[in-house]
Amino acid sequence: MSHDYDLFVIGAGSGGVRAARIAAQHGARVAIAEEYRIGGTCVIRGCVPKKLMVYASRFADEFADAAGFGWTVGEARFDWATLIANKDREIARLEGIYRSNLAKAGVTILESRAEVVGPHAVELVATGERITAGTILVATGGRAEVDERLDGVEHVVTSNEMFHLEHQPRRLVVAGGGYIAVEFASLMAGLGTETTLVYRGEEILRGFDREVRRHVHAELERRGVRIICGDIFSRIEKTADGLDVTLRSGGRLVADTVMMAIGRRPNTAGLGLEAAGVTLDAKGAVVVDAQSRSSVPSIYAVGDVTDRFNLTPVAIREGHAFADTVFGGRPVTVDHRLVPTAVFTTPEVGTVGLTEDAVIETGRAYDVYRATFRPMRATLSGREERMLMKLLVDGETDRVLGCHIVGPDAGEMVQLIGIALKMGATKADFDATMAVHPTAAEELVTMRVPSERHPARLPAAAG
């Protein structure tokens with residue numbers, strides 16, 4: 001049966017764009033539909049604009065530290081409007097590059113929401129046109145989640161709106177404890193906003209190593225972020241003084257802006273997937289196999305919409321692997337193990353491999369190598385700041401199981417450490433590597449004596 005296209009991609013984010021472009025390079029006839037802007041969450045309203053704002057927030061430290069190194073710096077003033085305008089200009093430039101790369105590859109760009117109406121058919125909402133394709137790829141990412149049951153939820157914003165606030169809030173309250181919540185709390189505090197973070201769990205950054213969580217918590221508080229754990233919003237009321245936030249514990253907070261960053265949900269609502277026979281899980285994610293194929297053989301999905309490992313580089317790798325597998329004649333399976341990741345708080349977090357709790361669950365013997373120290377740049381400035389570096393090592397094989405870093409350039413360091421761990425590096429390999437001095441990274445190859453040794457835990461005897 002002849003179709004209008006060989007591949008129809010729904011969603012022009014990182015994963016969808018990569019899949020469309022590579023499939024087209026393999027000779028496929030490809031169309032991609034996007035209802036908002038080319039580039040998706042990461043480029044338009046996620047990690048790229050966020051990182052630009054993080055950079056802006058760190059200049060306050062640079063100005064403050066300069067005096068210790070002999071510099072005299074005049075009065076520093078920050079202008080929110082200038083940052084937002086310059087950020088928007090850069091995002092527009094990047095969107096143009098994404099659009100141009102698709103066009104150069106021969107991909108047809110359709111600026112409309114597309115919904116699945118069959119195993120080989122989609123409908124463009126903007127025009128009502130039906131289009132057929134041999135293969136459909138769903139790459140619609142995720143959407144910010146809010147608690148619709150909350151009294152006063154209409155007063156909250158999500159990360160989407162934070163990037164476009166007309167004025168910098170003087171007082172900000174953030175709900176959540178994951179990447180997005182702690183990053184925004186950190187950067188807004190760095191820009192001078194009085195910031196409070198409210199998280200329902202016992203400690204922020206659930207899923208990260210226990211020491212990383214505690215270390216980041218302490219450093220954020222030292223930098224002025226008020227952190228309240230074990231609590232949630234019960235009501236938000238607009239008053240003459242701003243937004244009055246009542247907590248379940250009975251505490252009250254007043255803010256100009258209340259941001260909800262309590263998680264993201266796969267963006268599948270209203271796409272017609274279930275009617276087409278595609279299986280979704282309880283969260284709404286598309287259930288796929290190792291080759292990203294859904295329960296319908298002609299429909300695939302990549303990226304956050306599958307809720308496997310919700311990071312932009314993972315979506316890109318999945319999109320590329322899909323295109324090579326389906327249209328390039330080269331089956332590729334994405335390995336989701338040992339994925340490095342960073343949290344762009346100040347201080348920054350970089351991590352790859354197992355957390356200590358995950359190592360404990362395996363029951364194996366393991367050693368902990370840990371170093372906490374003052375970064376060299378903080379010595380003359382007098383800044384009270386501590387870095388954390390932690391290696392988890394298999395007690396029998398000597399293989400490095402996990403690396404966790406908190407401090408300046410942690411994200412840059414862990415990218416390279418990720419290569420070593422992917423290659424199966426042992427602690428002996430780290431020890432045999434010459435240090436680069438003076439750097440913070442040299443601690444990773446100079447920690448010779450274990451901070452702790454933990455014997456193997458035998459499984460409980462069968463009753």
Side-chain angles (χ1 to χ4, degrees), residues 45-47 50 53-54 57 142-165 167-265 283 310 343-349 406:
R45 53 184 178 273
C47 38
K50 179 269 310 282
M53 294 176 75
V54 167
S57 73
R143 56 182 172 82
E145 197 164 8
V146 297
D147 184 359
E148 298 291 353
R149 301 165 300 176
L150 176 66
D151 184 7
V153 69
E154 67 273 14
H155 300 305
V156 308
V157 300
T158 67
S159 56
N160 294 347
E161 294 78 35
M162 284 295 296
F163 291 118
H164 302 287
L165 293 180
H167 302 288
Q168 179 184 358
R170 183 168 57 89
R171 302 161 299 181
L172 172 69
V173 174
V174 181
Y179 284 86
I180 297 171
V182 297
E183 286 175 338
F184 268 98
S186 175
L187 77 86
M188 292 303 293
L191 293 174
T193 295
E194 180 185 303
T195 304
T196 301
L197 181 72
V198 179
Y199 178 50
R200 65 179 179 177
E202 64 179 15
E203 185 57 276
I204 60 173
L205 292 175
R206 180 171 63 87
F208 285 78
D209 187 82
R210 59 173 78 165
E211 290 184 80
V212 167
R213 300 171 72 186
R214 291 195 295 263
H215 192 96
V216 174
H217 184 139
E219 288 292 309
L220 289 181
E221 287 197 319
R222 187 186 59 75
R223 301 178 68 87
V225 178
R226 181 185 179 192
I227 299 177
I228 302 172
C229 289
D231 216 339
I232 60 173
F233 298 169
S234 65
R235 184 180 64 193
I236 302 173
E237 183 180 1
K238 191 169 186 178
T239 68
D241 189 34
L243 297 175
D244 192 327
V245 181
T246 303
L247 304 180
R248 181 177 57 185
S249 63
R252 294 180 65 185
L253 305 166
V254 179
D256 305 301
T257 301
V258 176
M259 175 187 174
M260 194 162 279
I262 58 173
R264 294 180 66 81
R265 183 169 290 275
K283 197 175 178 180
N310 299 336
V343 184
F344 292 105
T345 45
T346 304
E348 197 166 291
V349 178
V406 182

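Between V153 and D147, the shortest heavy-atom distance links the atoms CG2-O, 3.3 Å. Of all non-hydrogen atoms in F208 and R213, the two that sit nearest each other are O-CD, 3.4 Å. Closest approach of R248 to G230, counting heavy atoms only: NH2-O, 3.8 Å. For the pair L243 and D256, the tightest heavy-atom approach, listed with the atom from each and the gap, is CD1-O, 3.9 Å. Taking each heavy atom of V343 and V182 in turn, the nearest pair found is CG1-CG2, 3.9 Å. The minimum heavy-atom distance between L205 and Y179, with the atom names listed, is CD2-N, 4.3 Å.
Listed by first and then second residue, the side-chain hydrogen bond (donor to acceptor under 3.5 Å, both in side chains) pairs that reach into residues 196-207 are E203-H217, sequence neighbours excluded.
Separation of atoms CG (L220) and CD1 (I227) is listed at 5.0 Å; rounding is to 0.5 Å. Rounded to the nearest 0.5 angstrom, M162 CE and E183 CD are separated by 12.5 Å. Between the NZ atom of K238 and the NE2 atom of H155 there is a distance of 7.0 Å, given to the nearest 0.5 Å. Rounding to the nearest 0.5 Å places CD of E221 at 8.5 Å from CD1 of I204. Atom-to-atom distance recorded for T195:OG1 and L172:CG is 5.0 Å, nearest 0.5 angstrom.
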Do any side-chain atoms of residues 185-193 form donor-acceptor pairs under 3.5 angstrom with protein atoms, and if so which ones, sequence neighbours left out?
| residue | atom | partner | partner atom | Å |
| --- | --- | --- | --- | --- |
| S186 | OG | T346 | N | 2.9 |
| T193 | OG1 | Q168 | NE2 | 3.0 |
| T193 | OG1 | P169 | O | 2.7 |

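Looking at heavy atoms from C-beta onward, V254 lies in side-chain contact with R171 at the 4.5 angstrom threshold. The shortest side-chain heavy-atom distance between R170 and E194 does not fall under the 4.5 Å cut-off. Proximity of T246 to E237: side-chain heavy atoms (C-beta onward) are nowhere separated by under 4.5 Å. Looking at heavy atoms from C-beta onward, T257 lies out of side-chain contact with E161 at the 4.5 angstrom threshold. Taking 4.5 Å as the limit, some side-chain heavy atom of F233 sits within range of a side-chain heavy atom of V258. Side-chain contact between V225 and V174: absent, with no pair of heavy atoms (C-beta onward) separated by less than 4.5 Å.
Within 6.0 Å of the CZ atom in R226, the count of heavy atoms belonging to other residues, nucleotides or ligands does not exceed 12.
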Does the pair I180 and M259 meet the rule for a side chain to side chain contact (heavy atoms under 4.5 Å, CB included), with working shown?
CA-CA 10 Å; I180 297 171; M259 175 187 174; 3.7 Å; yes

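Remark: E348 pairs with R58, F344, A410 by the side chain to side chain contact (heavy atoms under 4.5 Å, CB included) rule, at least two apart or across chains.
One N or O on the side chain of D231 and one on the backbone of S249 form a donor-acceptor pair closer than 3.5 Å. No donor-acceptor pair under 3.5 Å is formed between the side chain of E219 and the backbone N or O of V216. A distance-only check finds no donor-acceptor pair linking the side chain of R235 to the backbone of D151 [under 3.5 Å].
At a cut-off of 3.5 Å, with distance as the only test, no side-chain donor of D244 or T239 sits close to an acceptor on the other residue.
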